[in-house]
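Here is the structure we will look at, set down as structure tokens.
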Amino acid sequence: MIREPARAVPVLAEHEVVVLGGGPARIAAAAAAARQGADVLLVERYGFLGGMGTAGGVTNFAGLYALSHGETRQVVHSIAGDLLDRIDRLGGLNAPQQGLQGRITVRSYDVSAYKCAADDLLLSCGAKLLFHAFAADAAMDGDRIAALIVETKSGRRALCAKLFIDCSGDADLSARAGVPFALGDGHGSGLFPTTMFRVGNVDADKALAAIGEFKAIDRLMDEAARRGAYRFPRAGAVVRPQKNPTEWRVNVTQIRNRDGRAMDGTDALQLSEGEIEGRRQVREYFRFLVSEVPGFENAQIVEIAPQVGIRETRRIEGAYQLSGEDILGCADFDDAIGVNAWPMELHLEGRIAWRFFPDGSRGWCALPYRMLVPPKVSNLLVAGRCAAMTMRASRRRAPAAPASPWGKPPAPPRRWRLPPARRRPMST
Ligand SMILES: Cc1cc2nc3c(=O)[nH]c(=O)nc-3n(C[C@H](O)[C@H](O)[C@H](O)COP(=O)(O)OP(=O)(O)OC[C@H]3O[C@@H](n4cnc5c(N)ncnc54)[C@H](O)[C@@H]3O)c2cc1C
């Protein structure tokens, strides 16, 4: 241990509301507060907004459309609708795409357009933005947060506010302020992270003919794995076109530690190894795409996401804990503040398990205000993936994994190796 000397921290700013984190939760929280006339500051560690949607390379909006009584319709509007319109006006929004035999509807987008649209949306509401500021601590005054302490290029600074909203995804501020939380599955694992990537120069017609159909890419992976040519990190992939039809996003990697458990996105060393492992898996899967999948013969990697995509870490204990039963039961709440139309998508070891809303149901559940309200700290709300919910938002056990032709997914190598030779050079 090194003991740091006590020091005075300059106050950089004072606002009514300080919102931490620049993901979709924060964009909505900050825009909502600013539209009500509050003086709002947003604090983000990167130089742009979007969270996993940009930094994690997700590039795809899910959960806005419900399969409601057999008909697909948009059920999330308001600030999300405003953001979509702005991305669309910048030419960066794709038409709705359906998947899983019509049970889900998504809209992919261009990352740069999202970043610009999010800036515009928040500035138009009157919110202020502080980029390149990493939340490091909370200065407490009894049960209140007096200041959020951030590390910046100018040094350590304090940000004071009447109300703080933690949208860091990892509940960083809540944890520092002493809010009780659960981490992953509570046994050292949890939902598995994914390093996303996009490839360009795809022959869209050829690719759609080959893998446009439900599970067609899974069948190609299956055949290749049976030949022993590849070892995939998980069964099945999402390989879909973006707004520019020659550009496709790929969601297939799965980042686990050497003991097979999901990488913990709050552990500095695991995060570091996970980034390297993610890029190793990307190069291996890219080799499969160009060698085995029609339409990808001349593809190039356009971007490996700036950071590994984290699905879950800390989730606070809140006044209400949203559960899987609430989701699949299309729950209603008196204090509803939003709706969720996405089914349960569980990224388990080597596979994804889906739990859908019942056929013929309205296809969405309400989200209660109480899941944002933590105990112990009186001037804090917590939104986004670190709000109060159960791990799978479910207490039910997942069914046993189906027999996989790949057997147990490969563990990361003990020493990082270069992948086997690729057929085509990769450009990033
Ligand atoms: C691989 C992957 C694929 C996904 N696919 C889809 C999809 O297709 N469609 C979809 O809708 N959803 C998808 N999701 C889920 C979606 O990304 C999340 O639901 C969403 O991003 C959660 O939003 P959030 O604002 O709670 O957190 P995040 O998006 O994680 O945002 C947290 C923000 O806080 C910032 N931050 C964190 N810690 C600090 C700190 N200490 N100091 C300062 N800033 C900090 C981060 O930089 C980030 O901007 C996917 C997720 C992953 C990981």
Side-chain angles (χ1 to χ4, degrees), residues 18-30 42-65 76 80 83-84 94 97 99 104-109 114-115 118 129-138 148-152 159 165-176 190-197 234 237-238 240 242 249-255 262-263 265-266 268 271 274 278 281-282 304-316 340-343 345 347 352 372 382-387 389 393:
V18 163
V19 186
L20 171 65
R26 199 275 292 266
I27 293 170
L42 298 89
V43 183
E44 167 57 42
R45 66 178 155 180
Y46 296 133
F48 52 86
L49 300 171
M52 288 302 128
T54 51
V58 164
T59 66
N60 188 44
F61 290 118
L64 308 178
Y65 293 81
V76 180
L83 184 64
L84 254 60
N94 214 349
Q97 294 172 331
I104 56 167
T105 302
V106 297
R107 296 196 76 172
S108 58
Y109 54 81
Y114 186 166
K115 290 178 184 172
L129 306 176
L130 178 67
F131 287 127
H132 300 294
F134 190 92
D137 213 343
L148 168 65
I149 307 295
V150 290
E151 293 289 353
T152 74
L159 302 169
I165 310 182
D166 184 352
C167 302
S168 63
D170 299 324
D172 280 0
L173 174 57
S174 312
R176 306 289 189 273
L191 299 181
F192 282 75
T194 293
T195 299
M196 298 283 295
F197 69 107
R234 76 174 201 223
V238 181
R240 299 295 297 158
Q242 297 296 105
R249 74 178 176 285
V250 186
N251 176 343
V252 69
T253 66
Q254 190 173 79
I255 315 302
M263 186 203 83
T266 62
L271 264 172
Q281 291 183 15
V282 166
I304 299 177
Q307 74 146 84
V308 55
I310 309 292
R311 292 194 167 82
E312 74 157 357
T313 49
R314 301 185 188 104
R315 301 175 318 277
I316 62 145
N340 162 60
W342 197 245
E345 180 185 341
H347 285 253
I352 305 173
L372 314 184
V382 183
R385 66 182 166 86
C386 49
M389 60 193 94

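These figures come from a predicted structure and were not determined experimentally. Order of listing sets the numbers, starting from 1, for every ligand and every atom in it.
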Legend entry - Candidate list Ile352, Asn60, Thr194, test side-chain contact (heavy atoms from CB on, under 4.5 Å), partner Asn251, passing option: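 The residue from Ile352, Asn60, Thr194 that satisfies side-chain contact (heavy atoms from CB on, under 4.5 Å) with Asn251 turns out to be Thr194.
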Inset, instruction - Answer yes or no: is there a side-chain heavy-atom contact under 4.5 Å between Glu44 and Leu129? - result: no
Legend entry - Option set Ala387, Pro24, Ala62, criterion heavy-atom distance to atom 23 (O) of ligand 1, minimum: Pro24
Inset, instruction - Give the single entry among Ala55, Ser108, Gly309, Ala136 that approaches atom 53 (C) of ligand 1 most closely by any heavy atom. - result: Gly309
Treating [X] as the side-chain partner and [Y] as the backbone partner, does any N or O pair qualify as donor plus acceptor under 3.5 Å?
X      : Y      : answer
Arg315 : Met389 : yes
Arg107 : Phe61  : no
Gln254 : Phe192 : no
Thr253 : Thr195 : yes

Under 4.0 Å and counting heavy atoms only, is there anything from the protein next to [atom]?
atom                    : answer
atom 16 (C) of ligand 1 : no
atom 3 (C) of ligand 1  : yes
atom 44 (N) of ligand 1 : yes

For [X], which part has a heavy atom under 4.0 Å from ligand 1: side chain, backbone, both, or neither?
X      : value
Tyr46  : side chain
Cys167 : backbone
Ile310 : backbone
Phe134 : both

[atom]: the protein heavy-atom neighbour that sits closest, reported with distance to 0.1 Å:
atom                    : result
atom 38 (N) of ligand 1 : Asp172 OD2, 3.4 Å
atom 26 (O) of ligand 1 : Arg385 N, 2.8 Å
atom 42 (N) of ligand 1 : Ala135 N, 2.9 Å
atom 37 (C) of ligand 1 : Ser168 O, 3.1 Å
atom 28 (P) of ligand 1 : Met52 N, 3.9 Å
atom 50 (C) of ligand 1 : Val58 CG2, 3.5 Å
atom 33 (C) of ligand 1 : Gly22 N, 3.4 Å
atom 9 (N) of ligand 1  : Asn60 O, 2.7 Å

Under 4.0 Å from a heavy atom of [X]: give me the atoms of ligand 1 that qualify, with their elements.
X      : answer
Leu20  : 42 (N), 43 (C), 44 (N)
Gly384 : 26 (O)
Thr194 : 1 (C)
Gly21  : 33 (C), 34 (O), 35 (C)
Gly51  : 29 (O), 31 (O), 48 (C), 49 (O)
Gly23  : 25 (O), 29 (O), 31 (O), 33 (C), 49 (O)
Glu44  : 33 (C), 34 (O), 35 (C), 46 (C), 47 (O), 48 (C), 49 (O)

Can you find an N/O atom of [X] closer than 3.5 Å to an N/O atom of ligand 1?
X      : result
Arg45  : yes
Ala25  : yes
Asp170 : no

Inset, instruction - State which residues pass ring-ring contact (aromatic ring centres under 6.0 Å, His included) with Tyr65; sequence neighbours excluded, sorted by chain then number. - result: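 ring-ring contact (aromatic ring centres under 6.0 Å, His included) check on Tyr65 returns nothing, list empty.
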Inset, instruction - Verify the distance criterion only: is there a donor paired with an acceptor across the side chains of Asp170 and Thr266 at less than 3.5 Å? - result: no
Specify the closest pair of heavy atoms between [X] and [Y], including all atoms of both residues, with the distance to one decimal.
X      : Y      : answer
Gly63  : Val76  : O-CG2, 3.6 Å
Ala118 : Ile27  : CB-CD1, 3.9 Å
Val150 : Ala135 : CG1-CA, 4.0 Å
Ile310 : Met263 : CD1-CE, 3.4 Å
Arg234 : Val238 : NH2-N, 4.2 Å
Lys115 : Leu49  : CG-O, 4.1 Å

Legend entry - Residue pairs involving residues 50-59 (criterion side-chain hydrogen bond (donor to acceptor under 3.5 Å, both in side chains); sequence neighbours excluded): Thr59-Gln242
Inset, instruction - For Ala133 and ligand 1, answer yes if some heavy atom of the residue is under 4.0 Å from a ligand atom, otherwise no. - result: yes
Inset, instruction - With rounding to the nearest 0.5 Å, note down the distance linking CZ in Arg249 to OG in Ser108. - result: 5.0 Å
